[in-house]
Amino acid sequence: MDTLSLVLLLLSVQWSRAQEDPLLPFSEHLDPEHKVQLKWGFDEIQGTILFELTVDTSGWVGFGFSPKGGMTGADIVIGGVGPGGRYFTDRHAVGKSMPVIDQQQNYKLLSLTESDGKTVMKFQRSISSCDQHDLPITNLPMKLIYAYGQTDDITYHSTQRGTKELNLLKYKPRVNPPNSSSFDITMFNFTVPDNQTHYHCKIVRAPTFDRKQHIYRIEPVITNPDLVHHLLLYRCPPSVTEPFEAKCYTGVDGECMETVAVWGVGGGDFEFPEVAGLPIGGNVEDLLYRLEVHYNNLNKSAGRVDNSGLRFYHTSELRQHDAAVLGTGLAVTPGYAIPPKAKSFLTYGLCDTAYIPEVLQTPHDLQVFSAMLHTHLAGRKVRVGHFRGGKQIDFLAVDENYDFEYQEVTNLGKTKTVKLGDKLLVECTYNTENRSALTWGGLSTSNEMCLAFLFYYPAMNLSSCVSFPDEDTLISEMGANDTASWVNMMFMKTWDDTSINQYQQTLKGIDQFVIVTNSNNNGSLNKGTLPDLKVIPPAPCMSGCATKSLALLSLLLCLAVQWACL
C-alpha cells in the first residue's frame, strides 16, 4: 500500500509539472490571504498580454488597471459562471459605482470555469490601449485592482477587494527560498589600466557544497560604475585546473567559454523563473569559473582600483530544471568589417540547431525564457529571428532601440520552444554615418559585436552556436585574390550608398560557417545560408467577441447582453 501511495504521489507531481503553462510564466497573489492569484505572460512582438485569474469564490470576479489604485478611471473586466452560463464584459469605472460596459469589447475571453469553490478566468488583451477606456500596459509598475462576490449578483464587493502594484512587463519574482545563501565572484583590488578599453579575466574556484544547489538570483557588485561596462562569467572545461588572472585571451582563460552569467551597464539583478535555476555543486563543483570584466575607461584615468563582479544567491531546495545560457550570433573575430558612412548596415549570425547532435550525445529542445542582446557603440537594433521548416515563425527577442549604455537580461514574457532543427538568426543594425574608417569585429569598444545570450532550460553541455561568413568566398566575390588584397580593397574603397549596399548584399548571400561548441570545447563546423528575416506584424487589438469576419454584428450582440458571445 505504501509503494502504491508513493507511485501515485510521483505521478501527481509529474502531472502537476506537466500542466505548467509556458505562456504564463509569472505568478503573484494579489491579496494577503492568497485567495486571489494572477498568472500572466506576454508577447511584446505581437503586442499581446495573457492573464489567468483564480479566485476562491463561486460568484463574480473582477480585475483591472487603475490610474491611482481606486475605482475612478479604472479599466476593468468582470466575469463568472452563473445560472445562465458564462459571462464576461470589458468595462470602465467612472466613480464608486457599477462599472460601465465599454462600447468596444477589447478583452478576449479564452476560458472561464468554476469548480470546488474556485473561479478561473483566462483572457487576453493588447498591451497598448485599444480605445479611450483601456489603459495601456507600460514598462513601469501599474496598480492592479481586484474584487469578487460570493454570488453572481454583481453588487458591492465590501471588503473583498484590493490593490497591488506590479511591473507586468519588467517583472522580477523576488523569491527568498529556504536554505538559501550567497557568494561573490569579484575582482580583488585590481588596478584598472589607463587604456580606453581593457578586458580583465580571473579564473577562480567557486565555493564547494555537499550537494547540488540552484542559483536563483544574480546581482551585480559594481564598485566603479563609470568604468565597468559589462561582466561575464564562464564555466571552464575540466582541462583548466589552476586559478589564473591576466588580460583576457592571453592565456588559458581562452579555454573557458561556456557562458554562465551576463550583466551589462544599466541592468540590475536577474531572477530566474521559479521552474529553473543555474546548477552549482554536485558533479560540477570541481570546475573553475572565469570572470571577465570589460572596463570602458573613456577618460583613460590611472590608478583606479576595482572590486567589481557578481553575487549569486543559491538554495538547496532544487527547482524542476537546470538552466543554462547559450551564446548565439556572429563569431567575435576581426575578419569582418562594417563600412563607414552607413545609415543602416546589417550583419547576421546564424545558429542552426540541427548541428547540436554533432557535439552532444543526448540533445533536446530548448525552452528559452530570457535573453541579453549585445553590440557596441554603432549598434542601433538587434533582432533574433526564429525559423522552423524553412519558414520564420517568430522573433525570440527584439530591441528596436538598442542603447549601448543600457543593457540587461530581459524576460521574453513567455517560454518559447526552440526545437532541434530550428534556425536562429541574430540580426544587428549599425549606424556609422559619423565614422570615416572601417569598424572591425573585435573586443574593443570601438570594434563591434553582434551577440544574443539565450537563457533556457533544461540545461545541456552546450557553449555556443554562432556563424561567420566564408572568407574565401567573400574575397572572391569582391574581386580580390587573397586576404591582404581584400583588406587593402576595403581600406581604399569609396564608401557610398551603392558600395555599402553591394557589400551588404554580398555578405548576406554567401555561405556561412556555422560553429557549434560544447562545454569541453569540442565543436562542429558546417556551412549554411542566411534565411530572410521579415517583420512579423503585431496582432490587432483584442476583441472579446469580434473577429475579422464578425465585426459589427458581433459587437452589437456583445453590447446587448451582459456576457461575451463566444
Side-chain angles (χ1 to χ4, degrees), residues 44-45 139 196-199 227-232 259 262-267 292-298 325-351 370-386 395-410 412 424-455 464-469 490 495 497 500-501 503-505 507-508 512 530 533 535:
E44 288 191 282
I45 298 166
N139 288 328
Q196 181 173 336
T197 295
H198 180 80
Y199 283 77
L227 296 181
V228 178
H229 187 267
H230 67 258
L231 307 168
L232 292 122
T259 306
V262 186
W263 175 86
V265 63
E292 174 182 307
V293 181
H294 175 192
Y295 294 100
N296 189 26
N297 191 351
L298 291 175
V325 183
L326 176 64
T328 64
L330 184 58
V332 182
T333 73
Y336 72 93
I338 301 169
K341 304 177 182 178
K343 296 178 182 179
S344 179
F345 188 83
L346 305 178
T347 66
Y348 299 91
L350 177 66
C351 169
S370 295
M372 180 178 178
L373 311 179
H374 181 67
T375 76
H376 284 175
L377 291 169
R380 297 295 182 268
K381 299 180 182 181
V382 184
R383 304 192 298 170
V384 184
H386 185 186
F395 282 101
L396 276 190
V398 170
D399 189 342
E400 295 285 349
N401 299 282
Y402 180 83
D403 187 342
F404 181 68
E405 298 301 331
Y406 189 80
Q407 304 181 42
E408 64 176 344
V409 181
T410 57
L412 301 185
L424 305 176
L425 184 66
V426 183
E427 176 196 78
C428 294
T429 303
Y430 305 95
N431 182 289
T432 59
E433 285 183 287
N434 296 325
R435 300 189 182 190
S436 57
L438 294 166
T439 301
W440 293 92
L443 295 174
S444 171
T445 305
S446 58
N447 295 140
E448 269 306 335
M449 296 182 177
C450 181
L451 299 172
F453 297 95
L454 307 179
F455 288 68
S464 63
C465 182
V466 297
S467 76
F468 195 76
M490 294 291 288
W495 292 105
D497 289 347
I500 290 171
N501 184 63
Y503 174 51
Q504 180 173 286
Q505 293 304 315
L507 271 177
K508 189 174 186 301
Q512 310 289 311
L530 300 176
L533 195 64
V535 176

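Only this structure's heavy atoms are used, side chains among them; waters, hydrogens and symmetry mates stay out.
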J.: Parallel, tilted or perpendicular: which one describes the rings of H376 and F404, with boundaries at 30° and 60°?
T.: perpendicular
J.: Flag yes if more than 12 heavy atoms outside N139 fall under 6.0 Å of its CG atom; otherwise flag no.
T.: yes
J.: Please find the pair of heavy atoms, one from V426 and one from T328, that lie closest to each other, and give the distance.
T.: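 Scanning both residues completely, I find the closest heavy atoms to be CG2-OG1, 3.7 Å.
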J.: T445 vs H229, test: side chain to side chain contact (heavy atoms under 4.5 Å, CB included). Steps then yes/no.
T.: CA-CA 10 Å; T445 305; H229 187 267; over 6 Å; no
J.: For the atom pair CG (D399) and CG (L373), what is the distance rounded to the nearest 0.5 Å?
T.: 6.0 Å
J.: Can you name the closest pair of heavy atoms from L377 and E448 and give their distance?
T.: N-OE2, 3.1 Å
J.: Of all the heavy-atom pairs spanning F468 and A331, show the shortest one and how long it is.
T.: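 Looks like CD1-O, 3.9 Å.
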J.: Would you say the side-chain atoms of N296 pair up with the backbone N or O of L227, donor to acceptor, closer than 3.5 Å?
T.: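 Pair absent, no side-chain N/O of N296 close to backbone of L227.
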J.: Taking A437's backbone N and O only, do any of them form a donor-acceptor pair with W495's side chain (distance below 3.5 Å, no angle check)?
T.: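 Flag not set: sc W495 to bb A437 has no pair under 3.5 Å.
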J.: Between atom CD1 of I45 and atom CZ of F395, what is the distance when rounded to the nearest 0.5 Å?
T.: 6.5 Å
J.: Take T439 and F345 through the test side chain to side chain contact (heavy atoms under 4.5 Å, CB included) and record every step on the way to the result.
T.: CA-CA 11 Å; T439 301; F345 188 83; over 6 Å; no
J.: For the OG atom of S344 and the CG atom of D497, what is their distance to the nearest 0.5 Å?
T.: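 Answer rounded to 0.5 Å: 11.0 Å.
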J.: Do you know the tightest heavy-atom contact between L346 and Q504?
T.: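 Reported closest heavy-atom pair: N-OE1, 2.7 Å.
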J.: Taking C-beta and beyond as the side chain, do Q196 and L298 meet within less than 4.5 Å on heavy atoms?
T.: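 Touching, per the 4.5 Å side-chain cut-off.
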J.: Which distance, rounded to the nearest 0.5 Å, do you find between the OG1 of T375 and the OH of Y430?
T.: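 Reported value, rounded in 0.5 Å steps: 6.0 Å.
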J.: Let's go through K381 and N401 carefully: what are the C-alpha distance in whole Å and the side-chain angles of both, what is the deciding distance for side chain to side chain contact (heavy atoms under 4.5 Å, CB included) to 0.1 Å, and is it a yes or a no?
T.: CA-CA 6 Å; K381 299 180 182 181; N401 299 282; over 6 Å; no
J.: Report the C-alpha distance between L425 and L530 in whole Å, list the side-chain angles of each, state the deciding distance to 0.1 Å, and finish with yes or no for side chain to side chain contact (heavy atoms under 4.5 Å, CB included).
T.: CA-CA 8 Å; L425 184 66; L530 300 176; 3.7 Å; yes
J.: Which heavy atom of V293 sits nearest a heavy atom of Y295, and at what distance?
T.: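 Here V293 and Y295 meet closest at CG1-CZ, 3.4 Å.
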J.: Quick one: pull up OG1 in T347 and NZ in K508 and give me the separation to the nearest 0.5 Å.
T.: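 Interatomic distance, T347 OG1 to K508 NZ, rounded to 0.5 Å: 12.0 Å.
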J.: To the nearest 0.5 angstrom, please state how far the CD atom of E433 sits from the NZ atom of K341.
T.: 11.5 Å
J.: If you look at every heavy atom in L438 and A337, which pair is closest and at what distance?
T.: CD2-CB, 4.3 Å
J.: Angle between ring planes, H294 versus H230, binned at 30° and 60°: parallel, tilted or perpendicular?
T.: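 H294 vs H230 ring planes: perpendicular.
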J.: Does the T429 side chain pair with the main chain of R380, one donor and one acceptor, at a distance under 3.5 Å?
T.: no
J.: Indicate yes or no for a side-chain donor-acceptor contact from T197 to the backbone of S444 under 3.5 Å, with no hydrogens or angles considered.
T.: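 No: the side chain of T197 does not pair with the backbone of S444.
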